[in-house]
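Whatever order the structure lists ligands and atoms in, that order sets their numbers, starting from 1. All values below come from the heavy atoms of this structure, side chains included, with hydrogens, waters and symmetry mates left out.
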Amino acid sequence: MTDLSAAHDAAVTDRGRLAGSAYNGDRDLAARQSLYQWQTPRYDLPGLVAERLGDVRGRVVDIGCGNGKFIQRLRQDRPDLSLLGLDIAPGILAGVPGPVAVADATRLPLAAGSIDAALALHMLYHVPDIPQAVRELARVVARDGLVVASTNGDRDKAELDDLWQRAAGDVLGIDRGPARISLSARFSLEKAPAFLGEEFSRVEVVELPGTIAVHDPEPVIAHMASYRAWADQHDVPFDATIDRARTLVADHIVRYGAYEITCLGGILVCRR
Ligand SMILES: C[S@@+](CC[C@H](N)C(=O)[O-])C[C@H]1O[C@@H](n2cnc3c(N)ncnc32)[C@H](O)[C@@H]1O
(Lines give C-alpha, C1' and ligand atoms only; values in the text may rest on other atoms or scores of the structure.)
Protein backbone atom coordinates (compact mmCIF):
# COMPACT_ATOMS: atom_id res chain seq x y z
CA MET A 1 0.00 0.00 0.00
CA THR A 2 2.82 2.40 0.93
CA ASP A 3 4.52 1.73 -2.39
CA LEU A 4 1.29 2.29 -4.28
CA SER A 5 0.73 5.67 -2.69
CA ALA A 6 4.39 6.66 -3.11
CA ALA A 7 4.13 5.81 -6.82
CA HIS A 8 0.87 7.77 -7.01
CA ASP A 9 2.45 10.85 -5.38
CA ALA A 10 5.50 10.61 -7.63
CA ALA A 11 3.30 10.52 -10.74
CA VAL A 12 1.10 13.45 -9.62
CA THR A 13 4.16 15.60 -8.85
CA ASP A 14 6.54 14.50 -11.60
CA ARG A 15 7.81 17.74 -13.14
CA GLY A 16 8.68 16.20 -16.51
CA ARG A 17 5.17 14.77 -16.81
CA LEU A 18 3.52 18.04 -15.68
CA ALA A 19 5.54 20.37 -17.92
CA GLY A 20 6.02 18.00 -20.85
CA SER A 21 2.64 16.33 -21.08
CA ALA A 22 -0.18 17.20 -18.64
CA TYR A 23 0.22 20.98 -18.98
CA ASN A 24 2.24 21.18 -22.19
CA GLY A 25 -0.75 23.04 -23.64
CA ASP A 26 -4.17 23.78 -22.25
CA ARG A 27 -6.31 21.11 -23.93
CA ASP A 28 -6.62 18.82 -20.89
CA LEU A 29 -6.94 21.62 -18.33
CA ALA A 30 -9.60 23.33 -20.49
CA ALA A 31 -11.58 20.06 -20.67
CA ARG A 32 -11.61 19.89 -16.87
CA GLN A 33 -12.52 23.56 -16.47
CA SER A 34 -15.33 23.45 -19.04
CA LEU A 35 -17.27 20.66 -17.31
CA TYR A 36 -18.35 23.21 -14.68
CA GLN A 37 -20.64 24.97 -17.14
CA TRP A 38 -23.13 22.19 -16.40
CA GLN A 39 -22.88 22.66 -12.62
CA THR A 40 -25.71 23.90 -10.42
CA PRO A 41 -25.21 26.24 -8.70
CA ARG A 42 -22.75 27.86 -11.06
CA TYR A 43 -19.87 29.55 -9.29
CA ASP A 44 -17.98 32.31 -10.98
CA LEU A 45 -14.63 31.19 -9.54
CA PRO A 46 -12.49 33.95 -11.11
CA GLY A 47 -15.12 36.43 -9.90
CA LEU A 48 -15.04 35.00 -6.36
CA VAL A 49 -11.25 35.27 -6.29
CA ALA A 50 -11.38 38.83 -7.66
CA GLU A 51 -13.87 39.70 -4.92
CA ARG A 52 -11.51 38.38 -2.25
CA LEU A 53 -8.81 40.66 -3.63
CA GLY A 54 -11.14 43.66 -3.20
CA ASP A 55 -8.92 45.45 -0.63
CA VAL A 56 -5.64 44.44 -2.23
CA ARG A 57 -3.56 47.09 -3.99
CA GLY A 58 -0.27 46.59 -5.76
CA ARG A 59 1.35 43.32 -6.81
CA VAL A 60 -0.47 40.03 -7.25
CA VAL A 61 1.21 36.80 -8.33
CA ASP A 62 -0.69 33.78 -9.70
CA ILE A 63 1.47 30.73 -9.01
CA GLY A 64 0.70 27.73 -11.24
CA CYS A 65 -1.41 30.11 -13.33
CA GLY A 66 -2.00 27.47 -16.04
CA ASN A 67 -3.91 28.84 -19.03
CA GLY A 68 -4.40 32.19 -17.31
CA LYS A 69 -8.12 31.99 -16.60
CA PHE A 70 -7.72 34.00 -13.40
CA ILE A 71 -5.12 36.41 -14.71
CA GLN A 72 -7.33 37.29 -17.68
CA ARG A 73 -10.27 38.03 -15.42
CA LEU A 74 -8.18 40.12 -13.03
CA ARG A 75 -6.71 42.10 -15.93
CA GLN A 76 -10.25 42.96 -16.92
CA ASP A 77 -11.76 43.61 -13.46
CA ARG A 78 -8.70 45.05 -11.72
CA PRO A 79 -6.55 46.97 -14.21
CA ASP A 80 -5.00 48.78 -11.21
CA LEU A 81 -3.19 45.60 -10.05
CA SER A 82 0.28 44.65 -11.17
CA LEU A 83 -0.12 40.97 -12.15
CA LEU A 84 2.48 38.26 -12.67
CA GLY A 85 1.79 34.70 -13.81
CA LEU A 86 4.18 31.88 -12.89
CA ASP A 87 4.09 28.22 -13.91
CA ILE A 88 6.53 25.35 -14.31
CA ALA A 89 5.07 24.45 -17.71
CA PRO A 90 6.32 26.76 -20.48
CA GLY A 91 3.81 25.26 -22.97
CA ILE A 92 0.75 26.37 -21.03
CA LEU A 93 2.06 29.92 -20.58
CA ALA A 94 2.11 30.54 -24.34
CA GLY A 95 -1.39 32.03 -24.50
CA VAL A 96 -1.36 33.85 -21.16
CA PRO A 97 -1.17 37.65 -21.31
CA GLY A 98 2.16 38.71 -19.76
CA PRO A 99 4.14 39.27 -17.77
CA VAL A 100 4.60 35.55 -17.15
CA ALA A 101 7.62 33.44 -16.25
CA VAL A 102 8.57 29.82 -15.76
CA ALA A 103 9.08 29.26 -12.03
CA ASP A 104 8.62 26.63 -9.35
CA ALA A 105 6.31 27.23 -6.39
CA THR A 106 8.98 25.90 -4.03
CA ARG A 107 11.60 28.43 -5.23
CA LEU A 108 9.83 31.65 -6.13
CA PRO A 109 11.95 34.25 -7.92
CA LEU A 110 10.47 36.98 -5.71
CA ALA A 111 11.87 39.03 -2.82
CA ALA A 112 10.58 38.52 0.71
CA GLY A 113 7.47 40.59 1.46
CA SER A 114 7.34 41.96 -2.09
CA ILE A 115 3.84 40.71 -3.01
CA ASP A 116 0.45 41.98 -1.81
CA ALA A 117 -1.51 38.85 -2.71
CA ALA A 118 -0.58 35.40 -4.02
CA LEU A 119 -2.87 32.90 -5.72
CA ALA A 120 -2.17 29.15 -5.67
CA LEU A 121 -5.26 27.77 -7.36
CA HIS A 122 -5.71 24.06 -7.92
CA MET A 123 -1.96 23.58 -8.02
CA LEU A 124 -0.45 22.82 -4.60
CA TYR A 125 -1.37 19.13 -4.96
CA HIS A 126 1.15 18.93 -7.84
CA VAL A 127 4.04 20.24 -5.72
CA PRO A 128 6.34 17.50 -4.33
CA ASP A 129 7.15 19.43 -1.13
CA ILE A 130 3.86 21.15 -0.17
CA PRO A 131 5.16 22.58 3.16
CA GLN A 132 8.04 24.23 1.28
CA ALA A 133 5.60 25.84 -1.21
CA VAL A 134 3.50 27.13 1.70
CA ARG A 135 6.66 28.59 3.30
CA GLU A 136 7.44 30.30 0.01
CA LEU A 137 3.93 31.79 -0.14
CA ALA A 138 4.40 33.15 3.39
CA ARG A 139 7.88 34.48 2.55
CA VAL A 140 6.94 36.48 -0.53
CA VAL A 141 3.65 37.94 0.71
CA ALA A 142 3.75 41.16 2.78
CA ARG A 143 2.79 40.89 6.48
CA ASP A 144 -0.74 42.20 5.84
CA GLY A 145 -0.94 40.35 2.52
CA LEU A 146 -3.32 37.68 1.38
CA VAL A 147 -3.00 34.18 -0.04
CA VAL A 148 -5.86 32.49 -1.87
CA ALA A 149 -5.54 28.77 -2.58
CA SER A 150 -8.10 26.38 -4.05
CA THR A 151 -8.59 22.65 -4.42
CA ASN A 152 -11.22 19.89 -4.40
CA GLY A 153 -12.67 17.80 -1.58
CA ASP A 154 -11.85 14.12 -1.12
CA ARG A 155 -15.28 13.06 -2.42
CA ASP A 156 -15.34 15.52 -5.32
CA LYS A 157 -16.71 13.84 -8.50
CA ALA A 158 -16.82 10.46 -6.76
CA GLU A 159 -19.18 9.26 -9.52
CA LEU A 160 -16.34 9.62 -12.03
CA ASP A 161 -14.04 7.50 -9.85
CA ASP A 162 -16.77 4.87 -9.68
CA LEU A 163 -17.42 5.12 -13.44
CA TRP A 164 -13.70 4.61 -14.13
CA GLN A 165 -13.57 1.46 -11.97
CA ARG A 166 -16.69 0.03 -13.60
CA ALA A 167 -15.41 0.77 -17.11
CA ALA A 168 -11.94 -0.59 -16.27
CA GLY A 169 -13.56 -3.70 -14.77
CA ASP A 170 -15.52 -4.29 -17.99
CA VAL A 171 -12.34 -3.91 -20.08
CA LEU A 172 -10.46 -6.34 -17.86
CA GLY A 173 -13.39 -8.76 -17.53
CA ILE A 174 -13.59 -8.36 -13.76
CA ASP A 175 -16.13 -6.76 -11.44
CA ARG A 176 -14.28 -3.52 -10.74
CA GLY A 177 -10.98 -2.36 -12.18
CA PRO A 178 -8.19 -0.50 -10.35
CA ALA A 179 -8.87 3.02 -9.06
CA ARG A 180 -7.83 5.91 -11.27
CA ILE A 181 -5.25 8.43 -10.19
CA SER A 182 -6.48 11.25 -7.93
CA LEU A 183 -4.86 14.60 -8.66
CA SER A 184 -6.06 16.62 -5.69
CA ALA A 185 -5.83 13.96 -2.96
CA ARG A 186 -2.44 15.16 -1.64
CA PHE A 187 -3.82 18.64 -0.94
CA SER A 188 -7.56 18.11 -0.72
CA LEU A 189 -9.96 20.60 0.85
CA GLU A 190 -9.88 18.45 3.98
CA LYS A 191 -6.05 18.41 4.19
CA ALA A 192 -5.35 21.96 3.00
CA PRO A 193 -6.09 23.89 6.24
CA ALA A 194 -3.43 21.93 8.16
CA PHE A 195 -0.80 22.62 5.48
CA LEU A 196 -1.69 26.32 5.24
CA GLY A 197 -2.13 26.65 9.02
CA GLU A 198 1.61 26.02 9.47
CA GLU A 199 2.30 29.54 8.15
CA PHE A 200 -1.00 31.41 8.32
CA SER A 201 -2.95 31.97 11.54
CA ARG A 202 -6.23 32.65 9.72
CA VAL A 203 -7.39 30.16 7.09
CA GLU A 204 -10.98 30.62 5.97
CA VAL A 205 -12.42 27.72 4.00
CA VAL A 206 -15.17 28.56 1.50
CA GLU A 207 -16.84 25.38 0.30
CA LEU A 208 -18.40 25.37 -3.15
CA PRO A 209 -20.63 22.29 -3.42
CA GLY A 210 -22.67 21.58 -6.52
CA THR A 211 -24.04 19.02 -8.95
CA ILE A 212 -23.11 18.66 -12.59
CA ALA A 213 -25.83 17.23 -14.83
CA VAL A 214 -25.16 16.41 -18.49
CA HIS A 215 -27.42 15.08 -21.22
CA ASP A 216 -24.55 14.14 -23.53
CA PRO A 217 -21.59 11.94 -22.46
CA GLU A 218 -18.92 13.98 -24.26
CA PRO A 219 -18.13 16.67 -21.63
CA VAL A 220 -17.78 13.95 -18.98
CA ILE A 221 -15.66 11.78 -21.26
CA ALA A 222 -13.44 14.75 -22.19
CA HIS A 223 -12.91 15.38 -18.46
CA MET A 224 -12.02 11.73 -17.88
CA ALA A 225 -9.74 11.65 -20.94
CA SER A 226 -7.92 14.74 -19.63
CA TYR A 227 -6.02 12.36 -17.33
CA ARG A 228 -4.22 10.94 -20.41
CA ALA A 229 -0.84 12.24 -19.16
CA TRP A 230 -1.17 9.63 -16.41
CA ALA A 231 -2.44 6.84 -18.70
CA ASP A 232 0.55 4.65 -17.82
CA GLN A 233 -0.35 4.83 -14.12
CA HIS A 234 -3.56 2.86 -14.65
CA ASP A 235 -3.22 -0.91 -14.89
CA VAL A 236 -5.77 -1.02 -17.70
CA PRO A 237 -5.71 0.20 -21.34
CA PHE A 238 -6.59 3.90 -21.11
CA ASP A 239 -8.43 4.44 -24.41
CA ALA A 240 -10.47 1.25 -24.11
CA THR A 241 -11.54 2.32 -20.61
CA ILE A 242 -12.55 5.76 -21.87
CA ASP A 243 -14.58 4.16 -24.69
CA ARG A 244 -16.33 1.84 -22.28
CA ALA A 245 -17.08 4.76 -19.92
CA ARG A 246 -18.67 6.63 -22.83
CA THR A 247 -21.03 3.70 -23.43
CA LEU A 248 -21.90 3.44 -19.72
CA VAL A 249 -22.70 7.17 -19.50
CA ALA A 250 -24.73 7.07 -22.74
CA ASP A 251 -26.74 4.09 -21.42
CA HIS A 252 -27.30 5.90 -18.12
CA ILE A 253 -28.59 9.00 -19.94
CA VAL A 254 -30.99 6.94 -22.06
CA ARG A 255 -32.32 5.31 -18.91
CA TYR A 256 -32.45 8.25 -16.47
CA GLY A 257 -32.42 11.31 -18.75
CA ALA A 258 -29.19 12.78 -17.35
CA TYR A 259 -25.83 11.80 -15.82
CA GLU A 260 -25.08 13.55 -12.52
CA ILE A 261 -21.83 14.20 -10.73
CA THR A 262 -21.53 15.70 -7.24
CA CYS A 263 -18.79 18.27 -6.81
CA LEU A 264 -17.03 19.79 -3.85
CA GLY A 265 -14.47 22.44 -4.62
CA GLY A 266 -13.41 25.26 -2.39
CA ILE A 267 -11.16 28.22 -1.84
CA LEU A 268 -8.97 28.92 1.17
CA VAL A 269 -8.33 32.53 2.10
CA CYS A 270 -5.24 32.88 4.26
CA ARG A 271 -3.81 35.71 6.35
CA ARG A 272 -1.08 35.81 8.95
C1 LIG B 1 -4.68 22.15 -12.44
S2 LIG B 1 -3.68 23.38 -13.15
C3 LIG B 1 -4.41 24.87 -12.44
C4 LIG B 1 -4.21 26.10 -13.28
C5 LIG B 1 -4.86 27.38 -12.73
N6 LIG B 1 -4.28 27.79 -11.49
C7 LIG B 1 -6.35 27.18 -12.56
O8 LIG B 1 -6.81 27.06 -11.42
O9 LIG B 1 -7.06 27.16 -13.58
C10 LIG B 1 -2.14 23.24 -12.25
C11 LIG B 1 -1.06 24.16 -12.78
O12 LIG B 1 0.02 24.19 -11.82
C13 LIG B 1 1.25 24.11 -12.52
N14 LIG B 1 2.27 23.59 -11.58
C15 LIG B 1 2.39 22.32 -11.15
N16 LIG B 1 3.43 22.22 -10.29
C17 LIG B 1 3.96 23.46 -10.16
C18 LIG B 1 5.04 24.01 -9.41
N19 LIG B 1 5.79 23.24 -8.62
N20 LIG B 1 5.30 25.33 -9.52
C21 LIG B 1 4.55 26.11 -10.34
N22 LIG B 1 3.52 25.65 -11.08
C23 LIG B 1 3.22 24.34 -11.00
C24 LIG B 1 0.94 23.21 -13.70
O25 LIG B 1 1.91 23.31 -14.73
C26 LIG B 1 -0.45 23.68 -14.09
O27 LIG B 1 -0.43 24.71 -15.03
TODO: May I ask you to list the atoms of ligand 1 that are less than 4.0 angstrom from any heavy atom of Gln33?
DONE: 9 (O)
Task: Which residue and heavy atom of the protein sit nearest atom 8 (O) of ligand 1, plus the separation - done: Leu121 O, 3.3 Å
TODO: Mind checking the CG-NZ spacing from Leu29 to Lys69? Nearest 0.5 Å is all I need.
DONE: 8.0 Å
Open item on the list: Quick check on contacts: which atoms of ligand 1 are under 4.0 angstrom from a heavy atom of Tyr125?
Closed with: 1 (C)
- [ ] Quick one: look up the protein heavy atom nearest atom 12 (O) of ligand 1 and list residue, atom name and how far away it is.
- [x] Met123 CB, 3.4 Å
Task: Element-labelled atoms of ligand 1 that are located less than 4.0 Å from some non-hydrogen atom of Val127 - done: 19 (N)
- [ ] For Gln39 and Thr211, test the side chains for any donor-to-acceptor distance below 3.5 angstrom and give the result as yes or no.
- [x] no
Open item on the list: Parallel, tilted or perpendicular: which one describes the rings of Phe238 and Trp164, with boundaries at 30° and 60°?
Closed with: tilted
Open item on the list: Using a 4.0 Å cutoff against the non-hydrogen atoms of His122, which atoms of ligand 1 qualify?
Closed with: 1 (C), 2 (S), 3 (C), 8 (O), 10 (C)
Open item on the list: Among all protein heavy atoms in this structure, tell me which lies nearest to atom 14 (N) of ligand 1, with the distance rounded to 0.1 Å.
Closed with: Ile88 CG1, 3.6 Å
Open item on the list: Show the atoms of ligand 1 that are less than 4.0 angstrom away from any heavy atom in Phe70.
Closed with: 7 (C), 8 (O), 9 (O)
- [ ] Report, in ascending order of atom number, the atoms of ligand 1 lying under 4.0 Å from any heavy atom of Ala89.
- [x] 25 (O)
Task: Subset of ligand 1 atoms that lie under 4.0 Å from at least one heavy atom of His126 - done: 10 (C), 15 (C), 16 (N)
Open item on the list: At less than 4.0 angstrom from any non-hydrogen atom of Gly66, what atoms of ligand 1 do you find?
Closed with: 4 (C), 27 (O)
- [ ] Kindly check if the number of other-residue, nucleotide or ligand heavy atoms within 6.0 Å of CD (Glu204) is above 12?
- [x] yes
Task: Expected output: side-chain Arg186 to main-chain Pro128 donor-acceptor under 3.5 Å - done: yes
Task: atom 19 (N) of ligand 1 - nearest protein heavy atom and its distance - done: Asp104 OD1, 3.2 Å
Task: Nearest neighbour of atom 11 (C) of ligand 1 from the list Gly91, Ala103, Gly64, Ala105, on a heavy-atom basis - done: Gly64
Task: Within reach of ligand 1, part of Ser150 (heavy-atom separation under 4.0 Å) - done: neither
Task: Residue pair Arg272 / Ser201, side-chain donor-acceptor N/O under 3.5 Å - done: no
- [ ] Establish, yes or no, whether the cationic atom of Arg42 lies under 6.0 Å from the six-membered ring centre of Tyr36 and within 45° of the ring axis.
- [x] no
Task: Any side-chain donor near an acceptor of the partner, Ser150 and His122, under 3.5 Å - done: yes
Task: Donor on one side chain, acceptor on other, Gln33 and Asn67, under 3.5 Å - done: yes
- [ ] Starting from the C-alpha separation in whole Å, work towards a yes-or-no answer on side-chain contact (heavy atoms from CB on, under 4.5 Å) for Arg57 and Asp116.
- [x] CA-CA 7 Å; Arg57 304 281 174 269; Asp116 298 290; over 6 Å; no
- [ ] Name the closest protein heavy atom to atom 25 (O) of ligand 1, giving the residue it belongs to and the distance to 0.1 Å.
- [x] Asp87 OD1, 2.6 Å
